[in-house]
Amino acid sequence: MGSNITSSIIFLLTGVPGLEAFHSWISIPFCFLYVTALSGNSLILFAVITQPSLHEPMYYFLSMLSTTDLGLSMSTLVTMLGIFWFNAREITFNACLLQMFFIKLFTVMESSVLLTMAFDRFVAISNPLRYATILTDSRIVQIGVAIVIRGTLTLTPMVALLKRLSYCSSHVLHHSYCYHPDVMKLSCTDTRINSAVGLTAMISTVGVDSVLILLSYVLIIKTILSIASPEERKKAFSTCISHIGAVAIFYIPLISLSFVHRFGQQAPAYVHTMIANTYLLIPPVMNPIIYSVKTKQIRRAVIKILNSKEA
């Protein structure tokens, strides 16, 4: 009975508080960001699939990153643009849980892929002769499946536990998509178990990944410094530049959002909203740009595809 009552709840999403009159104008940069993210990641994915020269572990992992970025963008696209264009604020409880699950799943998957890419760079630099035998095609498929299973098993309890809560006061959410802490705040029952499970899920995925990525780079730098030739050092380090950029644009907005939620109560409501909206869009927009600019093979493949379409 309680579950049926919970399922019938309608939440109200929020655009940019205080700037409702300008929603149609605010939608323009967001629409541009979505188009950039979707087209850029689709192009990289298409390039990796169709260009035989990119059938290597490094680019397979890049295609995984593009897939998670596409998923992350599409998870928020409908509700965000729906609010800005049509003031479509209503979302059912089950639809909210589904959106929240996919946002969290693709966030955790992105973190896992970035860790895998750090491992890929470590193997390529420290043990180049065994690189092809360590990262075989079958092993890359196993890694991809493990990333999806890990995210699903970790996040399902966190989202499912929201069904046991009662929501008896305001149903107004503070973002243009369903965000786990935001939904929990609307509950009038004890949420300590939910908070503990949510925190455990994030620490065991994104938290552990960030520490392991840092450790990978300590080992990578140690290996690079042991290389005698300055030219070889430069070449080895240059292969990591794109990945370092991808790690920075994923973790910095994520950490910023966490800090704003915990310590930025005095900041205007629209600051919270803008950070929450852009944190999900910055990695999908910037990753294809970084890899296209910094990786010669990707740049050549993308130019080749664009030229063939023009012809």
Side-chain angles (χ1 to χ4, degrees), residues 30-78 80-81 99 101-121 124 132 135-152 209 239-250 253 279-311:
F30 278 103
C31 195
F32 173 75
L33 290 173
Y34 275 117
V35 170
T36 306
L38 295 175
S39 56
N41 286 294
S42 298
L43 194 58
I44 284 189
L45 203 53
F46 183 72
V48 174
I49 291 167
T50 59
Q51 303 297 312
S53 61
L54 300 181
H55 292 176
E56 294 177 18
M58 177 184 172
Y59 304 114
Y60 289 143
F61 292 133
L62 179 56
S63 68
M64 288 184 197
L65 188 67
S66 291
T67 304
T68 59
D69 281 338
L70 282 170
L72 204 52
S73 299
M74 288 190 281
S75 298
T76 58
L77 186 146
V78 174
M80 203 180 289
L81 294 184
Q99 184 186 43
F101 174 76
F102 280 112
I103 289 170
K104 287 286 187 187
L105 176 64
F106 287 117
T107 300
V108 166
M109 281 174 63
E110 180 129 354
S111 173
S112 303
V113 172
L114 289 171
L115 172 60
T116 307
M117 292 171 93
F119 174 70
D120 168 74
R121 290 300 83 209
L135 289 168
T136 58
D137 288 355
S138 61
R139 197 158 286 161
I140 290 165
V141 170
Q142 288 168 0
I143 289 169
V145 171
I147 286 170
V148 176
I149 292 171
R150 177 204 192 199
T152 305
D209 291 349
T239 65
C240 302
I241 293 293
S242 301
H243 181 253
I244 291 168
V247 168
I249 62 167
F250 175 75
Y279 119 84
L280 289 176
L281 271 170
I282 289 173
V285 169
M286 292 303 297
N287 282 337
I289 296 169
I290 288 171
Y291 276 93
S292 297
V293 170
K294 288 287 180 186
T295 311
K296 197 185 293 179
Q297 291 89 332
I298 289 289
R299 190 165 64 247
R300 280 178 187 161
V302 167
I303 291 167
K304 188 178 175 182
I305 289 165
L306 293 174
N307 286 339
S308 67
K309 285 186 178 179
E310 283 173 14

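All residue numbers refer to positions in the sequence shown, counting from 1.
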Exercise for review: Let me see the working for Val113 and Thr67 under side chain to side chain contact (heavy atoms under 4.5 Å, CB included), right down to the final yes or no.
Suggested key: CA-CA 10 Å; Val113 172; Thr67 304; over 6 Å; no
Practice item. Could you tell me whether the side chain of Ile249 reaches within less than 4.5 Å of the side chain of Ile290, counting heavy atoms only? Key: yes
Point to revise | Heavy-atom side-chain contact between Leu135 and Tyr60 under 4.5 Å | key: no
Point to revise | Residue pair Thr295 / Ser242: nearest heavy atoms and the distance that separates them | key: OG1-OG, 3.3 Å
Check your understanding: Is Arg121 close to Met58 at the side-chain level, that is, under 4.5 Å between some pair of heavy atoms?
Key -> yes
Check your understanding: Going through the checks in order, is the side chain to side chain contact (heavy atoms under 4.5 Å, CB included) test met by Met64 and Thr116?
Key -> CA-CA 10 Å; Met64 288 184 197; Thr116 307; 5.8 Å; no
Check your understanding: Do you know which two heavy atoms are closest between Ser73 and Ala37, and how far apart they sit?
Key -> OG-CB, 3.6 Å
**Study point:** Gap separating the CD1 atom of Ile303 from the OG atom of Ser308, nearest 0.5 angstrom
**Key:** 12.0 Å
Practice item. Could you pull out the closest heavy-atom pair between Thr107 and Ile103, with the gap in Å? Key: OG1-O, 2.7 Å
Review point. Under the side chain to side chain contact (heavy atoms under 4.5 Å, CB included) criterion, do Leu280 and Phe106 qualify, and how do the steps go?
Key: CA-CA 10 Å; Leu280 289 176; Phe106 287 117; over 6 Å; no
Study note, to complete from the structure: Shortest non-hydrogen pair, Glu110 vs Asn287, comes out as OE2-ND2, 3.2 Å
Study note, to complete from the structure: On a heavy-atom basis, the closest approach of Thr152 and Leu105 is N-CD1, 3.7 Å
Review point. Side-chain contact, heavy-atom cut-off 4.5 Å: Thr36 with Leu281?
Key: no
Practice item. Walk me through it: do Leu114 and Asp209 pass the test side chain to side chain contact (heavy atoms under 4.5 Å, CB included)? Key: CA-CA 8 Å; Leu114 289 171; Asp209 291 349; over 6 Å; no
Report, one line per pair, each donor and acceptor closer than 3.5 Å where one atom sits in a side chain of residues 47-57; sequence neighbours left out.
from	atom 1	to	atom 2	distance (Å)
Thr50	OG1	Phe46	O	2.7
Gln51	OE1	Lys304	NZ	3.4
His55	NE2	Val48	O	3.1
His55	NE2	Ile49	O	3.2

Exercise for review: Could you pull out the closest heavy-atom pair between Tyr291 and His243, with the gap in Å?
Suggested key: OH-CA, 3.4 Å
Check your understanding: Rounded to the nearest 0.5 Å, how far apart are CD1 of Ile149 and CD of Gln142?
Key -> 10.5 Å
Review point. Between CE of Met109 and CZ of Phe102, what distance do you get to the nearest 0.5 Å?
Key: 10.0 Å
Point to revise | Rounded distance [0.5 Å steps], CG in Asp69 versus CG in Leu45 | key: 10.5 Å
Study note, to complete from the structure: Value for OG (Ser66) from CD1 (Ile298), rounded to nearest 0.5 Å, stands at 8.0 Å
Practice item. Give, for atom OH of Tyr59 and atom CD of Gln297, the distance between the pair rounded to the nearest 0.5 Å. Key: 3.0 Å
